[in-house]
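Accompanying notes for the structure given below.
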Amino acid sequence: MEIVEFYEVTKKYGRVEALRNASFKIPGKSVTALLGPNGAGKTTSMKLIMGFSKPTRGKVLVWGLEPWRREDLRIRLGYLPERPIYPLDAVVEDLLFHLAKLRGLGKSEVERVIKLTGLGDYRESKIGSLSRGYMQRLGIAQSLLGEPELLVLDEPTANLDPAARREVLELLKTLHKELNVSMIISSHIIPELQEIANYAVFIDRGVILDYGSLEDLWRKYRVEPLFIIETLDPGRVAKQLVEKPFVNAIRKLSPSKLEVLIDPENYKTFEKTVSELGELVLNYEFKSANLGDLYEKITRGRS
Ligand SMILES: Nc1ncnc2c1ncn2[C@@H]1O[C@H](COP(=O)(O)OP(=O)(O)OP(=O)(O)O)[C@@H](O)[C@H]1O
Ligand SMILES: [Mg+2]
């Protein structure tokens, strides 16, 4: 069942078309990567989902309802803005208590989100003293208030150093697992959400390039995981592999090298198969499918 649907949505800011005829769907329980370069229309799309703005043309539906018309949807949504503004002098838990109160929630809900986001040691710290990574945890904590069914997180890893970035991604992964909450996460760094996302929407200059489950997109653009096999007898190896149901394609790269495309879910099985070929295989190399490769294929031939 779809939780978000865009039907030919155009959003204009004055003369700027931030979204043009954008149509896509996002299923429930997914972690969706909303990917595109700066100015693509990611924040615009998220604001439409949140109901902060209304489309110039077309229709946005969240759980089948139009968010800009329906205040009551807001309580089911959690939002991390692109550039959150917090009172730097305030204490972490005080801000959370305050935001909880605005939503009609009590202390126990604040305790819950502090625990979930690992903010315990910093609950009495001034917000201004937090590292960027912990600032982002605070942002994620407030987005979780009220047990939303869908989290809309606008570039949660932007402006973080690599270690903090990892931490935030790990946290989001854990939250998805523990809470079973749907997430839409934007990033202008295309490969970044690789590990956490299972669905993606690719957007550029207001236009939806493509969208779907990663599994479908890998197949569609033929960016399945790929093995390069070195062998003295490519013909024999190819013959043995071609029978396997998880092998999608085999190509000869050179007299001693084969390229093998396989089902993403089955690469472990494939490794086993290759090892069973024994001495026939001199060497093999695994190249995993990557969101960056996918994006490249999707954008190739466009623009
Ligand atoms: N309030 C606004 N007024 C005028 N133009 C706007 C406004 N908000 C966005 N835009 C324009 O709409 C386009 C899409 O902007 P948007 O913020 O949605 O992109 P984005 O994908 O979030 O980019 P970024 O990665 O930089 O955050 C850009 O050209 C931007 O300049
Ligand atoms: Mg943005």
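If you read the sequence from its start, that first residue is 1, and numbering goes on from there. Counting starts at 1 for both ligands and their atoms, in listed order.
The closest approach between a heavy atom of G36 and any atom of ligand 1 is not below 4.0 Å.
Shortest contact from atom 18 (O) of ligand 1 to any protein heavy atom: T44 OG1, 2.5 Å. The protein heavy atom nearest to atom 14 (C) of ligand 1 is G39 O, 3.4 Å. Closest protein heavy atom to atom 12 (O) of ligand 1: A18 CB, 3.3 Å. Atom 27 (O) of ligand 1 has its closest protein heavy atom at E82 OE2, 2.4 Å. Y13 CB, 3.5 Å is the protein heavy atom nearest to atom 5 (N) of ligand 1. Nearest protein heavy-atom neighbour of atom 19 (O) of ligand 1: G41 N, 3.2 Å. Here the heavy atom of the protein found nearest to atom 17 (O) of ligand 1 is T43 CB, 3.6 Å.
Ranked by closest heavy atom to atom 21 (O) of ligand 1, the top entry among K42, K12, M46 is K42. Of the candidates V16, I203, N38, L34, N38 brings a heavy atom nearest to atom 26 (O) of ligand 1.
Look at E195 and K173 and you find a salt bridge, because one of the NZ, NE, NH1 or NH2 atoms lies within 4.0 Å of a carboxylate O, short of that distance. Between K107 and E111 there is no salt bridge, since no side-chain N of the basic residue sits under 4.0 Å from a carboxylate O of the acidic one. Using a 4.0 Å cut-off between a side-chain N of Lys or Arg and a carboxylate O of Asp or Glu, E66 and R70 do not qualify as a salt bridge.
Judged purely by atom type and a 3.5 angstrom limit, T273 uses its side chain to pair as donor or acceptor with the backbone of T269. Distance alone, capped at 3.5 Å, places no donor-acceptor pair between the E192 side chain and the I189 backbone.
The distance criterion of under 3.5 Å between nitrogen or oxygen atoms is met by A40 with respect to ligand 1.
A cation-pi arrangement is absent between K101 and F97, since the terminal nitrogen or guanidinium carbon is not both under 6.0 Å from the aromatic centre and inside a 45° cone about the axis.
Counting only heavy atoms from C-beta outward, the side chains of K257 and P234 never approach each other to under 4.5 Å. The closest side-chain heavy-atom distance from V237 to L277 is below 4.5 Å.
For atom 9 (C) of ligand 1, a protein non-hydrogen atom is found at a distance below 4.0 Å.
Aromatic ring orientation, F52 versus Y79: perpendicular (interplanar angle above 60°, classes split at 30° and 60°).
Close contacts between ligand 1 and E155 involve ligand atoms 25 (O), 27 (O) [criterion: under 4.0 Å to a heavy atom].
Taking the six-membered ring for Trp and the full ring otherwise, the centers of Y211 and F202 sit at least 6.0 Å from each other.
Within the 2.8 Å limit, T44 places no N, O or S atom next to the Mg ion (ligand 2).
Taking the N/O/S atoms of E82 in turn, the shortest distance to the Mg ion (ligand 2) belongs to OE2.
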